[in-house]
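Here the structure comes first, spelled out in structure tokens, and everything after it is commentary.
The chain is numbered in sequence order, starting from 1.
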Amino acid sequence: MSDTQFIITDYGAEAGADTVQTKPIQAAIDACRTAGGGTVVVPAGRFTTGSLRLYSHITLHLQSGAVVQGSSDLAEYTNFGETTDIRYLSDPRYIRDWHLPPYYF
């Protein structure tokens, strides 16, 4: 893994901005992935985001004073095309392997 750093503000993220910063933060994450890994750095400040897709070989480092907060707008969130239901939890194998108690459901 590379020790290269990808600072989200270098990709257009703005601390305290009135707009959601998902795209520039994800751009830094994607650049880090393309480089084979490294560290995505969130500098001091408040950054609002929707869904972010993280990958292996990437460290997300929040510097002192950094805050990453979720957007209050549900439209900012995505499932990235993945199945999001939990019906699989009624599968006896998951119940057994995960030791799910009856009250879990």
Of the non-hydrogen atoms in [X] and [Y], which two are nearest, and what is the gap between them?
X: Cys32; Y: Gly38; result: SG-N, 3.3 Å
X: Ser64; Y: Ala44; result: O-CB, 3.4 Å
X: Gly12; Y: Pro24; result: C-CB, 3.6 Å
X: Val40; Y: Ala28; result: CG2-O, 4.0 Å
X: Glu76; Y: Ser71; result: CG-OG, 3.5 Å
X: Ala66; Y: Pro43; result: CB-O, 3.2 Å

How long is the span from the [atom1] atom in [X] to the [atom2] atom in [Y], to the nearest 0.5 Å?
X: Phe80; Y: Arg53; atom1: CZ; atom2: CZ; result: 6.0 Å
X: Asp30; Y: Ile58; atom1: CG; atom2: CD1; result: 8.0 Å
X: Asp73; Y: Thr48; atom1: CG; atom2: OG1; result: 11.0 Å
X: Thr34; Y: Ile29; atom1: OG1; atom2: CD1; result: 12.0 Å

Modelled atom types, side-chain donor and acceptor of Gln21 and Thr49, under 3.5 Å
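No.
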
Ignoring hydrogens and geometry, is there a side-chain-to-backbone donor-acceptor pair from Thr22 to Gly50 under 3.5 Å?
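Here the side-chain-to-backbone pair exists.
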
Are Leu60 and Tyr55 linked, directly or through intermediate hydrophobic residues, by side-chain heavy-atom contacts shorter than 4.5 Å (ILVMFWY only)?
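Same cluster: Tyr55 reaches Leu60 through Ile, Leu, Val, Met, Phe, Trp or Tyr contacts under 4.5 Å.
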
Out of curiosity, does Val20 fall in the hydrophobic cluster containing Tyr77 (side-chain heavy atoms, cut-off under 4.5 Å, transitive links)?
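Each belongs to a different hydrophobic cluster.
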
Between Thr9 and Phe47, does the side chain to side chain contact (heavy atoms under 4.5 Å, CB included) criterion hold? Intermediate values first, please.
CA-CA 10 Å; Thr9 52; Phe47 299 89; 4.2 Å; yes

Quick one: salt bridge (charged side-chain N to carboxylate O under 4.0 Å, His left out) partners of Arg46, sequence neighbours excluded?
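Partners of Arg46 under the salt bridge (charged side-chain N to carboxylate O under 4.0 Å, His left out) test: none.
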
Hey, mind stepping through Leu52 and Gln26 against side chain to side chain contact (heavy atoms under 4.5 Å, CB included) and telling me if it holds?
CA-CA 6 Å; Leu52 295 170; Gln26 188 65 56; 3.8 Å; yes

